[in-house]
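One structure is given here, and the rest of the page talks about it.
All figures in this text were calculated on a predicted structure; none of them were measured in a lab. So you know, we letter chains A, B, ... as the sequences are listed, proteins then strands, and number each from 1.
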Amino acid sequence: MSTLDPDKATAEQLAAGRIAPGPDVELGLADASLVDDPARRAPLVLNNRSFHEVTDIISGYTENKPGKWWWPVFGFTATVAGVGVLMILYLIFTGVGVWGLNNQVDWAWDITNFVFWIGIGHAGTLISAILCLFKQKWRTAINRSAEAMTIFAVICAGLFPAIHVGRIWFIWFVFPIPTYNYIWPNFRSPLLWDVFAVSTYFTVSLMFWYMGMIPDLAMLRDRAAKRLKHSPGVPRALPMLSIRADTIRLWVYGVLSVGWRFSSRHWHRYEKAYLILAGLATPLVLSVHSIVSMDFATAVLPGWHTTIFPPYFVAGAIFGGFAMVLFLLIPARELYPNMKDFITHRHLENMAKILLVTGSMVGFSYTMEFFIAWYSGNEYELFAFKNRATGPYWWAYWTMISCNVLSPQLFWIKRCRQHAGWVFLVALLVTIGMWFERFVIIVTSLHRAFLPGEWGMFFPTPVDILTFTGSCGIFLTLFLLFMRYLPIFAVAELKAVMPQADPHHHGDEDAGGPEPAAAKEPA
Amino acid sequence: MGRAAGVAGNGQRLWRSAEEFADTGEFREFLEREFPAGASRLVESSRRTFLRLMGASVALAGAATIPGCRRPDHTILPYSKNVPEEVIPGKPLYYATSLPIQGGGAEGLLVETHEGRPTKVEGNPLHPINRGKSSIWSQACVLDLYDPDRTMSVVYRGGAVEKSATWDDFRAWSLEHFAGYDASGGQGLAFLVEKKSSPTRAAIRDRIRARWPKADWVPFDACDSPSAVEGARIALGSPMAEVFDFTKARVVVSLDRNVLHGEAGSLRWARDFASTRRVKTTGDTMSRLYVVESGVTETGSQADHRLRLAPTRVAAFAVALAKEILANRRVRGSESLRRAVNAISDPGGGSLDRRFIEELAKDLMDSDHLGRSIIVAGPTQPPEVHALVHALNGALGNVGSTVRYRPIGADVAADSARGIAELSRRINGGQVSTLVVIGSNPVFNAPGDLDFGEKFKSVQTTICLSLDHNETESLATWSINAAHALESWGDAAAWDGTISPIQPMIAPLYDGVSDIELLDLIATRAKQDEWEQVKPDGHALVQATWRGRLGEAGFDKRWRRALHDGVISAGSDASAARIDYDAVAEAASRVRLVAGPGEGSLEVVFTPTAFGDGRLANNAWIQELPQFGTRIVWDNPALVSPATARRLGLEPDSYTVKEPKGHMARVSVNGRRIEMPVWILPGMADQTILLPMGLGRTVCGLVARKSGFNVFPLRESAGALAIGGAGLERIAGKYPISSTQNHWSMEGRTGILRQVDLAAWKKFGDDPFGDLDERGKEMLLRDAYGRERREMNFAERLGESAHSPANVSIYDNPFNESREGAAPGSRYAKRPQWGMSIDLSSCIGCGVCTIACQSENNIPVVGKKEVRKGREMTWIRVDRYYVGEELDDPSAVVSQPVTCQQCENAPCETVCPVNATVHGPEGLNEMVYNRCIGTRYCANNCPYKVRRFNFFDWSEQKFNGNYVGKDLMPGGGPENVNLIPPLVRERLDEISKMRMNPNVTVRSRGVMEKCTFCVQRLNAARVESKLQGLSDIPDGFVQSACQQACPADAISFGDLLDESSRVHEERASQLSYRLLGFLDTRPRLTYRTRVWNPNPRLVDQARRRTWDNPFGHGEGGHEESGGGEGHAFLFDSSKTARDRGYALSLRVLGAGVNA
C-alpha cells in the first residue's frame, strides 16, 4: 500500500528512472515554464505534480540510494577536501611561508579565497530573505540549496582569515574578551569589523536555514517512523549492523525537528519567525560584503582606497553567488531524477537575468575605477589601474574582464539564457572571473605600490593551490552531504506555490492543467 | 671540554702517567686510540659548558695566575674609567680594540660586550679613521666570531691520515722541525702571509729573517694590484700611501677608483667628502665630483658628472686630461712630463668626450680650485697612470694640501702577484720544503695561471693558520685554528698611520692562536725538550714591541691609556712629498694606449666585493647585504652593461618571472676560462665584464657553500685587475639570481627621491615662492577647495604636495593626538619626541646601516631562496634608483635608505585588529610582538613597505645540512643550504646564540617586525639620563644603530623638541621633505633633498632650464646664477656638542675628547 509504504513506492518509481510525469501543457516548448504568453502564468512546478508526489520525490532524495554517480563524486571531493585539510595542518605546523606571500604582497590567495567564498555566501540569504520580502515565488525551488551553499561557503570563507594569521594559536585576541590583560581589540580595524560581520552573518544564515528546514525534517522523521511501523526488517544502515537506517533517521531527524507536529499554531509561529529572520537577514546581505570591502577601502593603497567598493562588492557578491547556485544546481538537476520539475528553465532564466544585471554593474564599476583614477590626477592611483591592465598580471585582469563583463552579455540572447548548457557555461566562467577579480584587487594593487624600490611579485606555491582546491573540496563535500541527507527543497513552501495550493484556481486552469490534486491525493 | 689530554681548561699541565708526562710516542698513540679523531674538538659546546669553563678558569687564574687560560689572564681595561670594577649584569661594557683590514690598514673599534661576550661593534670615536663610524666588515665581524663553521682544533695530516691534534702537539713538533732549517739558513722555508700593517708582526718577521736569511717571506693579498704602489714608486721614489683631505677639496676627480667605499681609508674620506656636500643655506657651496669609471660604484653614484669607460679608456682619459692640464699649468720640472704626455698617441681618441675633458681641466685649474682638488686613480689603472695622477696633483698644487703621502711598510707595499708567482716557481723547482700560510687562502685565490693548488700539495710540509675551513687549510699538513681578532692580542696601523692595539674581548672560543703567536713560536729557537716553556703569548709580544717603542719609563701608564683609548699613536705621519716629474715623464713615455675593448675582444675587470678575498663568504650578513648597483645577494654573477648583454644574447630574465635567471656564459681570458652566470648592471662601461671577486668557495662553511663563482682562476700573475682581449659567450643553462630590488627605475615618481641642482637651490632656497606673483602664491597655497595648505618649504614645493589638494580631514580624529604643533602640556608636547632625518646628498649607498641594524636588532637572514620570494628581513633597506630616460645610459644612480617612517598618523596602526602596533607617547610607532597575531594587514597598508614578517622561524633556527631528500639533490654531497626547507633547519647552537643582543626580543614566526628607532637604546638612555640627573636626554646621548655606523653621517636622529638638536635643525631646513607626504602620514623620518653641483658649462639646456624653475611647471631660461662665494661647506660646528652627548652615553670620554 503505497501510502503507508512510501519508501517502496518511490523506490519502485525511481528504479524506473523517474516518476511518470502527469499530463502537462503542450506548448511546443522545451519546458512549459518558458511560456511567453502574458496571459498565462508560467508554472513553477512542472509535470502536474501532486503534493504527494512532491513529498515522495523530495524525500526520496534522502531515503533512497543515491545514483551511481554519487559515490565516485563524493569520494573525489572528499579526497580533495582531505588534501586541503592536510595542507592547512602543514601550514599551521610550519608557518605562513609555505604560501607564496612575501613582504610586498602580504595577502594573496588567502584573502582572495576569503573574499571569493564570502561573496558566494551572498546568494543564499539574498534569495531567501530579500526575494522572500519581495514575494518572488520562484525562489522556493532554490532557496534551501542556496542557503545551504551559503552556510558552506561562509565556512570556507571563515577558514582563510583564521589560517592566514601567523600565530593561529592566538587568534582569540580578535575577540573582545575583557580578561586578556585588559587589552581590547582595535575597534578601528576593518579586520575586526569583518570578524563581527561574518560571524553575525553566519549565525543568522544558519538559523534561517535550520529553522526553514524544521517542517521538512519532521516530514522525514514521520516517514521513517511510518516505515518502521509497517515494514520491519529492511533496510539496514549497514549490512553487518542490526540497526535499521530508519531508526537512525527517526532519532536524528527527530532531534533536529525539535518536536514539530505540523500544528496550525506551529505553522503560525513558524511563518512569523521566518518573516522576522528574513527582515534581519536582509541588511546583513548588504552589510557583510560592504564591510569586507572596507578591508580594502579604508587602506591607503592605490587600487584599494576607493569609495565605490561597498556597492561594487555587494553587486559582485550577488553576481558570484548566483553563478555558484547555477553552477551547483544545473548538474544536480540533471543528476537527480525529477528535479527538473522543480527547477525549471524559468528559474534558470531568472537567475541568468540577475547575472546579466549584476555583471553589468560590476563592469560599470570596473570602468568607473579607471575613470576616477584618471580624474583624480593622482599618478599613483592611475598607475595602479594601468598596471592592472598592462602590468605583469595583465592576464588576471583580462581573465576577470572577459569572464565577468563579457560572458554574461550572452544573456541578452534569449536562447542562451533559456538553455541550461549556456547558463552553466557562463556560471562557470563567472565563478572563475569573480575569483580573479579578488586576485586582481589584492595582488596587483599590492605588488606595485608607492615606492618602486620595493616592487615585487607574487607566485603561488603548490600549497597555495592545494589549500584553495581543498576549500573547494570541503565546500562540495558538504554540499553533497547536504543533498544526500537533508531535504534539498523547502517542501512546504514549494507546495504553496503549486496550483493545488490555490483551491480557487484564479483563472489558471490552463496553466495549472486539469484538476489532479483532489483526484490523486487521498485526503 | 675540548682537549684530549695534556692541558686542563686553565692551561695548567696535567698528566695521568709518567709516559704522558714524558710525552712518549707510545703514549701519544695510546691517546689517539682512546680518543678518536675529532674527540678533542669542542663540538657539542653548550653555553653551560662555556660558562662553566669560564668560571673554572677564572677561579684557577685567580689562584695560580697561570698563563694560557681560557680567560685572558692579563687585565684588559674597559673603555670607560667610570665603570665600576665589577661587571653589572645587564649593563654592557665597551672596550676599544682594532680590526685589521684585508690588505693592510685597520679600523678602530669600540666593542659592546654583555657579560663577557661581544655582541655589537661600533667605531671608536677617538680613532681618526673611524671617529665613531664603522664599515660593513667591522659590523659583520661579530658574526664571524660566533660562526659555528670556524676551525675548532689543530688538525694534523701526516701521510694519508687526518688526526685531531692539539696546539701542544704542534708546539712540540714545530721546535724540532724548524730547528732543522737553522743549518741551511732557512733554505726551503717559505712564509705566505696576509698583508698586514702590524708593528708586532713586522718585528717577528725581522726575527725570522734574522734566523733564516734565506727563507722566503711573501705577503699576499689576492685582491690587490701592484699598480698603486708602483705608481708611487715612480712618482715619489718609494712606496707611499696617499692620505687625502677631502674637507679642503673643491673638485674631486676619480679615475676608476671607489675611493669612498671599501678602501682602508674610505671611512674617513666618505665622511670628509660628505661634509663638503651638505648644504644648509643658499650661501653654502659644495664640492664637485667627477667620476670616470668602468663599473658602478658608491663613488660613481655621488658624481656630479660621471662617464662610463672601460679601464683602458680611463687610462686614455687620464692622459687626455694630463695633456690639457699640463698645457696650461706649468710648474717647476714638469716640462719634460708635458712633452712626454703630448707624445702619447691615443688610437681611440675620438671615443672620449673632448669637451668634458676641457671643461674638467678648466674646473681643476680655476684659481679658486688650485691646491683644493684631488685626482685619484684606481687599481685597474696601470702604474704609469698612477704616477701621472701624482704628477697632476703636484702640478695642481694639491700635494701637501689635499693630498699627502706617508711611507708604507714593506709587507703592505709588496707585490702580491709577483711574490706568489716567484714562490710558485720555487715550489716548482723543488726549493720549498716547508710552507707556512698565515691568514691567507692561496689555493682558492692565487692567480689562475699559477695552478697554485697543485703546487701547494707538492710541498712536503705545509702549515696553515686559518679562521675558517678553507681550501688551503684542508690540504695543509698542519692546520691550525686561528683566533679571531676579537679573541686575540695584537696591534695594527690604520691607513693614515694611526696605530691601535688589538685586545681580546673574549677568550678564544676554540683555543685558537693568533698569527703573531704562531710566528713567534716558529721564530723562537729552543731545544725540543724545552717545548713546554716556549709558550707564545700575544700580550707579551705586543707589549714587548711597544715597550721598545714607547720606552720603559712610564710604560705601564701609557700602555693602559692606549688600551683604554684604543689608540697607541694617533695622528698621521703623512707629509707632502716631492714629485719626480722626470721619472713620471720617463714612465709616461712607456704608455701605449689602446683603442679600448671592441665587440670581439672585451675587457674583464676584477672588482672587489664585501667578501674580500673570500674570507667573508661564510658571513651570512655579508651574503645577504644587497650589492651596490645590482642589489644581488648570495651571488656574484659576471656583470655587463645592458647593451652588451643584448648584443651577446645574455639578457637575464625579467624579475616578473618566478625565478629570475641569468644565462650561463663562458668568460675566457688568455686561454683560461670559467663558467658563470651573467647579469646586467646599467651604467657600467660597454664591452666590459665585471667579475666580482670573493665567492665560489669550495671548502667552506655552510653559508658559503655553493654560493657564487670563483673568478680568481682568471687572474694573472702579472697582477692586473683589468685585462683586455677577453671573450664572453653564452653556453647552455641558466642560473637563478636573487636580488632585493630588481626594478631599476623610479617610474617618473620624482617626488620620492627629490633632487635639485645647487643653482636652483641658491635661487629658490630662501624664497620657494619667489617666482610667483601674489595670485600664483594664492593659488599654490590654497587647494582646489580654497582651503589653506600648510606653508610649503622649498623641498615640498618640489614634490606632490604642490600638486595635490591639501590633506585635511573633515573629522577631528580623537585617536590621533600626535599632530604637529601639539598644544603645550599635551602628551606630544613633552620631550622627548623622537625624529630622524636622512640627508640624501650624503648617503653613498654603502649599506652599513643595514648591517649595523641587523647586528643591533637581532635581525635574521633568510637565505637566497627566500630573498628571491621577497622575504628579506632587513629593517632599513637602501633603495637604488637609476635616473634618466634609458637603461643603457642612465644619467645617475641614486640611493635612498628607507626604514620605518614612524608616522604620526600611521596607516598601520588603524588597521591592526589586535592593537599590536600602537603609538607611543614619544611619537614612536611601537610594535608589540607579544600581541601580534600576524594578520599582515599593517604591512599591506604601509605605503613605505618597511614592515617585515617572520614567515618562518627565522631567528630561532639555523641552516643545517641534514634534511630529507638531501641525497636526492643532483650531484649529492653538501648542497647549498639556502635550498633547505625551513622546517628542517636545526635549532641554533649555543655559540651562535651568544651574538644576540640581550636587549632586543628575538621574534618568533608569525610576528611582524620593523624598525623601532632602536627603542632599547632610547630606554637605556632614559634610565641613564635620569641617573645622571639630566632633565632631558641631551642630543647625541642616544644614537640609532644606523646613525652611529653611517660613515657619511647622513642620518641624524634625536629629540625634535630639542631646539639645539641636529635633527631639529635638519627638519627645519628648506630642503627637508616627507616621503609620500601627501598621504598625510606625517612621518617622523624626513629626507633632505639631494643637491647636485654640476659644472654649469657641462649641463644641457633642459637641465639648465630647471634652474629657473625646478618645480616642474612653467618654463624659462636665462643665464646661470653665479657660482657663489660661500665658505661654510664644512658643517661640523655643532659636532662638539653632539660628541659630548655621545661621550656621556658611553661614559668613556672624559675631558680629553679630541674630536
Side-chain angles (χ1 to χ4, degrees), chain A residues 90 93-107 161 164-174 181 183-186 188-195 295 298-301 304 377-380 383 391-393 442 445-446 448-459, chain B residues 654-658 741-743 745-749 752 800 803-804 815 866 869-873 877 879-881 896 898 907 909-916 931-937 939-941 943-945 947-953 982-983 1004-1008 1075-1076 1079 1081:
Chain A
Y90 175 57
F93 281 107
T94 314
V96 183
V98 298
W99 287 340
L101 308 167
N102 54 50
N103 281 320
Q104 291 82 46
V105 186
D106 275 285
W107 287 346
H164 99 291
V165 300
R167 303 199 292 174
I168 195 172
W169 48 97
F170 285 130
I171 198 158
W172 52 276
F173 286 2
V174 299
N181 291 349
I183 301 172
W184 286 82
N186 179 6
R188 291 180 290 169
S189 171
L191 223 51
L192 189 72
W193 310 341
D194 267 357
V195 173
D295 284 350
T298 59
V300 295
L301 201 67
W304 284 16
N378 183 328
E379 58 178 319
Y380 300 94
F383 174 85
Y393 291 110
I442 293 170
S445 303
L446 282 172
R448 287 183 169 182
F450 291 98
L451 303 182
E454 192 64 353
W455 286 4
M457 289 294 290
F458 165 82
F459 299 99
Chain B
S654 154
Y655 78 98
T656 53
V657 304
K658 189 170 180 187
Q741 190 192 352
N742 290 293
H743 202 84
S745 154
M746 220 187 306
E747 292 287 321
R749 300 176 175 186
I752 291 171
E800 304 94 343
H803 307 276
S804 57
F815 293 100
E866 296 293 320
K869 287 181 181 164
R871 291 174 179 170
E872 66 275 9
M873 294 299 285
R877 62 172 200 267
D879 282 350
R880 174 271 293 126
Y881 297 111
Q896 179 178 39
V898 182
E909 287 171 19
T910 51
V911 297
C912 174
V914 291
N915 268 327
R931 182 75 181 158
C932 177
I933 61 171
T935 65
R936 303 184 296 284
Y937 196 176
N940 285 335
N941 207 24
Y944 312 99
K945 285 275 182 280
R947 289 178 157 265
R948 298 284 183 250
F949 188 67
N950 286 276
F951 283 97
F952 293 114
D953 230 349
L983 189 61
S1004 78
R1005 84 163 157 96
V1007 171
M1008 191 61 78
L1075 185 57
L1076 302 175
L1079 291 173
T1081 51

Top of B:A939, B:P907, B:P913, B:S654 for chain A proximity - count of heavy-atom pairs under 4.5 angstrom: B:P913
Would you confirm whether A:R167, through its side chain, and B:C932, through its main-chain N or O, come within 3.5 Å as a donor-acceptor pair? yes
If you count heavy-atom pairs under 4.5 Å between each of A:G391, A:P190, A:S445, A:P161 and chain B, which one has the most? A:P190
One option among B:R948, B:E909, B:E872, B:K869 has the most heavy-atom pairs under 4.5 Å with chain A, and it is B:R948
Short question: side chain of A:W107, backbone of B:T935 - any donor-acceptor pair under 3.5 Å? yes
I need the minimum non-hydrogen distance between A:I168 and A:V165, along with the two atoms involved. CA-CG2, 3.6 Å
A:W455 vs A:F383, test: ring-ring contact (aromatic ring centres under 6.0 Å, His included). Steps then yes/no. CA-CA 13 Å; A:W455 286 4; A:F383 174 85; 5.1 Å; yes
Check whether B:Y937 gets within reach of chain A through its side chain, its backbone, both or neither, counting any heavy atom under 4.5 Å. both
Flag the one option from A:P452, A:G95, A:P185, A:A449 with the top tally of heavy-atom pairs under 4.5 Å to chain B. A:P452
Find the one option among A:D106, A:V195, A:L101 whose heavy-atom pairs under 4.5 Å with chain B are most numerous. A:D106
With chain A, which of B:N950, B:N940, B:L1075, B:D879 has the greatest number of heavy-atom pairs at distances under 4.5 Å? B:N940
Kindly write out the residues that satisfy side-chain contact (heavy atoms from CB on, under 4.5 Å) with B:C912, not counting sequence neighbours, or none if the list is empty. B:V914, B:A916, B:T917
Portion of B:L1076 that has a non-hydrogen atom of chain A nearer than 4.5 angstrom: side chain
Side chain, backbone, both or neither: which part of B:R947 has an atom under 4.5 Å from a heavy atom of chain A? backbone
